[in-house]
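Below is one structure, written out as structure tokens; the observations come after it.
We count residues from 1, following the sequence as given. Each ligand, and each atom within it, is numbered from 1 in the order the structure gives.
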Amino acid sequence: MNAKLVGTKEKWAKEGRALTGLSADPAKERRPPGQRVTTDFPVLDLGIQPNVSQAEWSFTVGGQIAYPLKLDWRSFIAQAQESFTNDIHCVTTWSRYDNRWTGMPMRSLLAQVKPHPTAKFLMVKSYDGYSTNIALADVDRDDVFIGHAWQDRPLDREHGGPARLVVPHLYFWKSAKWIRHITFMDGDQPGYWEARGYHMRGNPWKEERYG
Ligand SMILES: Nc1nc2c(c(=O)[nH]1)N[C@H]1C(S)=C(S)[C@@H](COP(=O)(O)O)O[C@H]1N2
Ligand SMILES: [Mo]
């Protein structure tokens with residue numbers, strides 16, 4: 001674990017780094033306040049990039065759902081796949097436009113597991129020990145998916161391969177790399193960064209950088 005990097009980010013959260021105090025309407029402004037557009041694809045994580053082969057990879061879904069799910073790589077890839085093009089907005093102020101992905105739509109996962117009416121939040125857990133919380137309403141959308149290809153190539157390990165969550169309308173820390181498990185919960189709980197000063201929701205157009 002990169003303790004120095006974690007400490008720096010916690011300090012930035014305390015200081016409210018990069019906050020402009022502005023908000024914008026996503027229907028009118030493609031670029032959220034305080035963001036600058038880059039064409040490269042920076043790598044950000046805790047300094048552990050787990051090496052999970054497709055053969056070793058499996059993904060489970062549990063908690064407040066009718067049908068617990070376990071997918072190995074073969075059954076994941078056999079799911080209906082869709083293509084997505086989106087923009088990425090990282091809380092450290094870079095945005096990257098027009099990313100083309102392939103993956104399993106989150107709505108098809110929700111249709112299979114059938115969350116109980118009490119389920120309102122998800123905790124997403126990854127192979128590096130990372131976690132992040134997201135409201136069910138924020139994944140029950142057509143633009144949220146579990147991606148395994150980026151720009152028509154298999155997703156690199158450094159960007160979360162074999163597969164990662166992608167939630168484009170929230171800051172990119174919500175898009176868990178090396179996805180391993182999702183738990184459905186009735187109440188909200190902080191994940192890794194949320195427990196260290198990041199916002200519980202993370203809407204870039206409202207600059208919900210820190211909580
Ligand atoms: N498993 C895991 N997912 C993670 C992280 C992490 O440390 N571990 N970092 C998050 C953060 S802070 C960001 S900005 C993005 C970065 O994704 P990238 O490295 O593909 O740009 O991944 C998010 N997902
Ligand atoms: Mo980030």
Side-chain angles (χ1 to χ4, degrees), residues 1-19 32 34-52 56-60 84-103 106 122-134 138-139 144-183 190-204 207-211:
M1 177 102 34
N2 189 336
K4 191 163 167 246
L5 175 144
V6 173
T8 303
K9 283 186 149 183
E10 278 190 272
K11 186 166 159 272
W12 288 351
K14 282 203 197 86
E15 294 168 356
R17 189 179 178 272
L19 289 173
Q35 297 297 111
R36 60 188 172 78
V37 178
T38 178
T39 50
D40 45 45
F41 193 2
V43 174
L44 283 99
D45 49 53
L46 305 175
I48 312 156
Q49 295 181 343
N51 195 355
V52 189
E56 290 163 319
W57 185 88
S58 76
F59 166 65
T60 52
F84 303 85
T85 300
N86 62 27
D87 297 346
I88 291 167
H89 308 291
C90 175
V91 71
T92 61
T93 73
W94 59 271
S95 291
R96 191 186 191 286
Y97 288 176
D98 297 321
N99 299 276
R100 199 185 124 81
W101 306 85
T102 312
M106 199 61 190
L122 285 67
M123 187 64 76
V124 187
K125 295 185 179 166
S126 298
Y127 277 93
D128 60 342
Y130 186 78
S131 59
T132 191
N133 56 307
I134 312 180
D138 277 320
V139 298
V144 177
F145 59 95
I146 299 172
H148 58 81
W150 179 77
Q151 311 296 61
D152 300 316
R153 292 195 352 248
L155 184 62
D156 285 342
R157 171 181 164 196
E158 60 181 8
H159 288 297
R164 78 180 297 167
L165 183 66
V166 181
V167 188
H169 70 293
L170 301 179
Y171 283 120
F172 208 35
W173 87 76
K174 298 288 185 182
S175 293
K177 308 202 276 190
W178 312 291
I179 192 167
R180 179 178 204 164
H181 180 73
I182 295 178
T183 310
Y192 186 88
W193 285 121
E194 294 82 7
R196 289 167 176 78
Y198 281 28
H199 198 278
M200 290 295 268
R201 174 150 190 252
N203 178 353
E207 269 204 331
E208 292 173 346
R209 298 178 190 276
Y210 315 114

Exercise. Is it true that C90 lies under 4.0 Å from ligand 1, counting heavy atoms only?
Worked result: yes
Exercise. Any heavy atom of W94 sitting closer than 4.0 Å to ligand 1?
Worked result: yes
For this session: With heavy atoms under 4.0 Å as the rule, classify the contact between L46 and ligand 1 as side chain, backbone, both or neither.
Result: both
Determine whether [X] and [Y] make a side-chain contact, defined as any pair of heavy atoms from C-beta on separated by less than 4.5 Å.
X    : Y    : result
F84  : V144 : no
E207 : Y171 : yes
Y130 : W193 : yes
R180 : T60  : no

How far is [atom] from its nearest protein heavy atom, and which residue and atom is that?
atom                    : result
atom 11 (C) of ligand 1 : W173 CA, 3.6 Å
atom 9 (N) of ligand 1  : L44 O, 3.4 Å
atom 6 (C) of ligand 1  : Y130 CD1, 3.5 Å
atom 21 (O) of ligand 1 : P42 O, 2.6 Å
atom 8 (N) of ligand 1  : D128 OD2, 2.7 Å

Of all the atoms in ligand 1, which lie at a distance below 4.0 Å from a heavy atom belonging to [X]?
X    : value
S175 : 22 (O), 23 (C), 24 (N)
S126 : 1 (N)
R164 : 15 (C), 17 (O), 18 (P), 20 (O), 22 (O)
F172 : 13 (C), 15 (C), 16 (C), 17 (O), 18 (P), 20 (O), 21 (O), 22 (O), 23 (C)
A176 : 3 (N), 24 (N)
K9   : 12 (S)
W178 : 1 (N), 2 (C), 8 (N)
F41  : 20 (O), 21 (O)

Problem set entry | Polar side-chain atom of Q35 near backbone of C90 as donor-acceptor pair, under 3.5 Å | yes
Exercise. Looking only at atom types and distance, does a side-chain atom of W57 sit under 3.5 Å from a main-chain N or O of I179, one as donor and one as acceptor?
Worked result: yes
Problem set entry | Salt-bridge criterion met for E194 and R201 (N-O under 4.0 Å) | no
Exercise. Nearest heavy atom to atom 19 (O) of ligand 1: which of H89, K177, K125 does it belong to?
Worked result: K177
Exercise. Should the ring pair H159 and F41 be called parallel, tilted or perpendicular, given that the plane angle runs from 0 to 90° and is split at 30 and 60?
Worked result: parallel
Exercise. Looking at Y198, is R196 sitting on its ring face, NZ or CZ under 6.0 Å from the six-membered ring centre and within 45 degrees of the normal?
Worked result: no
For this session: Take W150 and D156 through the side chain to side chain donor-acceptor pair (under 3.5 Å) test and state the conclusion after the steps.
Result: CA-CA 8 Å; W150 179 77; D156 285 342; over 6 Å; no
For this session: Output the distance between atom CG (N51) and atom CG (D128), rounded to the nearest 0.5 Å.
Result: 12.5 Å
